[in-house]
Amino acid sequence: MFSNQINKRWSLLAIISLVGLALLVACQPAVGEEVVVTRVVTETVTVEGEPQEVTRVVTETVVVEPDPTDAPAQPKDLIVCMAQEPDTLYPYGGSMLAATAVQVAIFETEVTTFSYDYQALGIEKLPNLEDGDAVISQVEVNTGDLVLDASGNPVTLEEGVSIINADGETVEFDGNPVTMEQLSVDFTLNPRVWSDGTPVTAADSVYSYELNRNPDTPAGKFVADRTASYEATGELGLNWTGIPGFLDPTYFLNVWQPLPQHIWGQFTATELLEAEESSRLPVSDGAFHIVEWVAGDSIILEPNPFYYRQDEGLPYLDSVTYKFIPDTNQLIAQLISGACDIGTQDGLTASDAPFLIEAENNGLLTPYFQTGTVFEHIDFGIDSYGGYGDDEGRPDWFEDARVRQAMTMCTDRQGMVDNILYGRSEVIHTYIPTVHPLYPEEGLTEWPYDIEAANALLDEVGFVDSDGDGIREYYTDRGTSWEGEPFAVTLGTTTGNDMRQQMTQIFKANMLDCGIDVELYYIPASEWFADGPDGPLFGRRYDLGEFAWISAVQPSCNLYLTSQITGPEEEGFGGWGATNNTGWSNEAFDQACNTALSSLPGTAEYEESHKEAQRIFSQEVPVIPAFLRLIVAAARPNVVGFSVDPTGGTELQNIYQFDLEQ
């Protein structure tokens with residue numbers, strides 16, 4: 001692997017040198033054009049001592065240098081190089097990142113998500129309760145009505161179903177009417193036009209909603225299943241109303257992206273998955289429209305002739321070409337040579353950082369290293385399932401929070417960032433990063449890397465090295481059969497991931513400094529992440545487990561709720577498809593998290609409850625939050641408007657604002 005990196009380094013350095021030489025030659029003064037010029041010259045000469053004016057005609061050859069200001073402007077043709085080719089451009093056809101990179105150029109986005117916040121784009125504004133375009137009303141529900149039950153599931157109301165009434169109380173429906181809360185939201189689309197000249201209407205958005213609900217459409221139906229009605233209230237107006245009890249904290253997102261009903265309406269939901277009109281050459285309401293898709297090679301876009309923001313001078317580009325280059329070495333080489341203007345995150349990783357930085361130092365590229373929303377963490381098997389753990393199968397190493405705190409302090413997380421991610425990421429202390437607007441300003445515990453303090457805490461617990469072999473033993477006042485058992489545990493993660501292998505090897509070395517022997521094992525992701533009881537991770541049959549979760553605009557405290565502990569529902573657990581693989585349960589955390597999840601953004605309860613949940617989580621450390629993965633991309637220095645945002649989804653989200661300096 002090391003030799004491959006050396007070869008890659010020298011091949012790229014050679015390219016950098018050659019390109020630098022080409023640029024030097026290109027900067028030499030151009031040879032001007034020779035032109036014969038005839039002009040009249042008047043001179044003063046002395047004739048017999050008297051000055052006299054003499055006029056004569058002079059013909060000479062001169063070199064006329066071209067005036068750079070007279071040179072015609074060059075077309076602004078942007079070339080985006082990606083590692084993958086989109087599988088489809090149909091919005092409900094998949095979730096491939098490469099497809100999203102093209103879709104944001106051809107379809108208008110109703111709401112964007114930059115910097116862990118939301119912004120209106122395709123709609124006039126984000127609705128909110130203060131302005132009155134979002135309203136919570138009280139409605140009476142009866143037998144047969146579709147409502148949200150107390151567990152958060154849409155159900156048909158019948159006797160025995162538990163629901164939350166308008167006073168926030170959980171009650172069991174007995175057949176008599178109950179008053180519940182219902183949320184209704186109004187949206188207004190910005191006026192825009194499809195690339196064939198047909199106006200976009202609210203009916204196109206309702207059509208999109210109906211497609212989403214269709215069982216033959218392979219798209220998430222969480223919001224659609226909790227929708228009581230979604231209807232047009234005018235040419236561009238829309239109203240969404242949730243089922244009683246569904247107070248969606250992100251209600252301002254419940255507007256469906258308009259789709260061209262006047263073209264797609266001739267197809268069934270199944271046919272739309274393959275139809276060329278939807279999957280390969282759809283009409284557009286965004287800044288660009290598709291001119292050509294050459295399979296395996298490229299997609300070419302040009303400005304939408306009916307783009308509704310033309311009067312703002314948008315888009316600035318004359319064309320956009322997406323090239324598909326699956327080989328990272330070739331992608332970087334084409335970036336450096338100027339054959340590509342942008343290299344996207346699907347083709348670049350943190351391991352490419354040295355080469356990108358070298359190219360930056362030579363003035364050839366601008367690399368972008370942005371912490372993303374995916375964070376790596378090491379989970380403790382706190383409350384294992386079945387015959388594994390809790391003094392059954394192994395000692396109960398991790399129930400005491402002090403052990404988890406000590407192991408967190410014994411982990412050199414900054415060293416992981418420096419060695420694996422070239423110092424370009426950051427250590428994470430909870431399930432959201434420090435830049436998140438809901439990260440607590442005070443009260444959060446940020447455990448330092450402190451081997452001395454970690455060892456002192458383990459001594460306090462009673463795990464000591466009595467035989468001097470460097471490994472602590474299990475000694476407590478419980479008098480269990482595990483007394484004297486060496487503190488030797490396993491750490492599992494997925495195969496085929498160099499980053500995780502480096503990370504776990506660093507962790508293993510760190511733990512030896514605290515007298516803990518860690519044996520590493522790696523298994524295929526399909527086995528590691530399998531639902532319980534088969535999968536070791538979500539079957540809660542592991543000591544330590546390493547994997548990643550996605551952080552979000554709304555903090556994901558729900559991952560660690562008691563109600564989400566994996567295990568059989570008939571035994572009181574959240575089911576084998578739940579998320580809390582640690583078995584950690586904390587009543588105060590549950591209360592704070594559930595309050596946050598049931599509150600609406602902008603309220604004091606929403607903000608403070610999310611912060612309080614993080615304070616408890618950071619003190620109890622059911623997992624060791626390690627670091628944020630990097631989003632890596634690169635662009636030529638003359639690309640204007642390009643950036644990488646942690647929550648933007650794709651770095652091309654605002655491609656309508658990109659420009660090329662000439």
Side-chain angles (χ1 to χ4, degrees), residues 110-111 118 120 123-189 202-203 205-215 220-234 236-256 554 558 563 591 593-607 609:
E110 310 313 311
V111 181
Y118 300 98
I123 55 177
E124 285 189 356
K125 64 183 289 291
L126 292 181
N128 61 74
L129 296 168
E130 292 77 11
D131 292 347
D133 38 20
V135 177
I136 298 176
S137 57
Q138 295 189 350
V139 296
E140 187 178 274
V141 297
N142 295 278
T143 301
D145 290 341
L146 183 65
V147 301
L148 199 74
D149 70 12
S151 299
N153 300 309
V155 297
T156 299
L157 191 58
E158 59 184 22
E159 291 188 26
V161 172
S162 293
I163 56 177
I164 299 175
N165 66 19
D167 295 325
E169 303 165 336
T170 300
V171 297
E172 186 174 297
F173 183 67
D174 60 4
N176 293 310
V178 176
T179 301
M180 298 182 71
E181 290 188 315
Q182 187 171 40
L183 181 60
S184 180
V185 187
D186 290 321
F187 299 90
T188 302
L189 299 175
S205 181
V206 175
Y207 168 70
S208 180
Y209 161 71
E210 296 292 349
L211 272 178
N212 184 189
R213 291 180 64 240
N214 193 302
K221 304 184 189 302
F222 181 88
V223 175
D225 288 344
R226 289 159 177 78
T227 297
S229 65
Y230 185 69
E231 56 191 12
T233 58
L236 297 173
L238 292 153
N239 174 266
W240 173 85
T241 300
I243 61 176
F246 182 47
L247 302 184
D248 187 0
T250 55
Y251 60 84
F252 42 80
L253 301 180
N254 297 343
V255 54
W256 273 259
Q554 183 183 23
N558 58 293
S563 61
Q591 181 177 350
C593 179
N594 282 320
T595 300
L597 295 176
S598 61
S599 302
L600 296 179
T603 63
E605 293 83 4
Y606 177 84
E607 180 174 337
S609 297

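These numbers were taken from a predicted model, which means no experiment stands behind them.
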Would a 4.5 Å heavy-atom cut-off, applied to side chains only, mark W256 and V223 as touching?
yes
Where is the tightest heavy-atom contact between I123 and A120, given as atom of each residue plus distance?
O-CB, 3.7 Å
Between T227 and F246, is there a side-chain heavy-atom distance shorter than 4.5 Å?
no
Within a strict 4.5 Å, meaning less than it, do heavy atoms of the F187 and T233 side chains meet?
no
Under a 3.5 Å distance rule, please check whether R213 uses its side chain to pair with a backbone N or O of Y209 as donor and acceptor.
no
Would the distance check show the side chain of Q182 and the main-chain N or O of G242 forming a donor-acceptor pair, the cut-off being under 3.5 Å?
yes
Residues 125-140 vs side-chain hydrogen bond (donor to acceptor under 3.5 Å, both in side chains), sequence neighbours excluded, gives K125-D131, K125-D133, N128-D131
Within this structure, what is the CG-OH distance for the pair L129 and Y251, rounded to the nearest 0.5 Å?
4.0 Å
Within the structure provided, determine whether Y606 and Q554 are in side-chain contact (heavy-atom separation under 4.5 Å).
yes
Report yes if the side chains of V147 and M180 come closer than 4.5 Å at any heavy-atom pair, otherwise no.
yes
Would you check if Y230 and S205 make a side-chain contact, meaning some heavy-atom pair closer than 4.5 Å?
yes
Between CG on residue L597 and CG on residue L247, distance to nearest 0.5 Å
12.5 Å
Non-hydrogen atoms of P244 and L146 that approach each other most closely
CD-O, 3.4 Å
Answer with yes or no whether the side chains of N239 and S184 bring together a donor and an acceptor at under 3.5 Å.
yes
Shortest non-hydrogen contact from I243 toward P154:
CD1-CB, 3.8 Å
What closest approach, in Å, do K221 and P215 show between heavy atoms, and which atom pair accounts for it?
CE-CA, 4.3 Å
Could you give me the CA-CA distance, side-chain angles and deciding distance for E181 and D167, then say whether side chain to side chain contact (heavy atoms under 4.5 Å, CB included) is met?
CA-CA 9 Å; E181 290 188 315; D167 295 325; over 6 Å; no
CD (Q591) with more than 12 external heavy atoms under 6.0 Å
no
Residue pair I163 / L148: nearest heavy atoms and the distance that separates them:
CG2-O, 4.0 Å
Within the 4.5 Å heavy-atom criterion, are L157 and V178 side-chain neighbours or not?
no
Any side-chain heavy-atom pair from Y118 and P601 closer than 4.5 angstrom?
no
Could you measure the distance from the CG atom of N558 to the CG atom of N594? Nearest 0.5 Å is fine.
9.5 Å
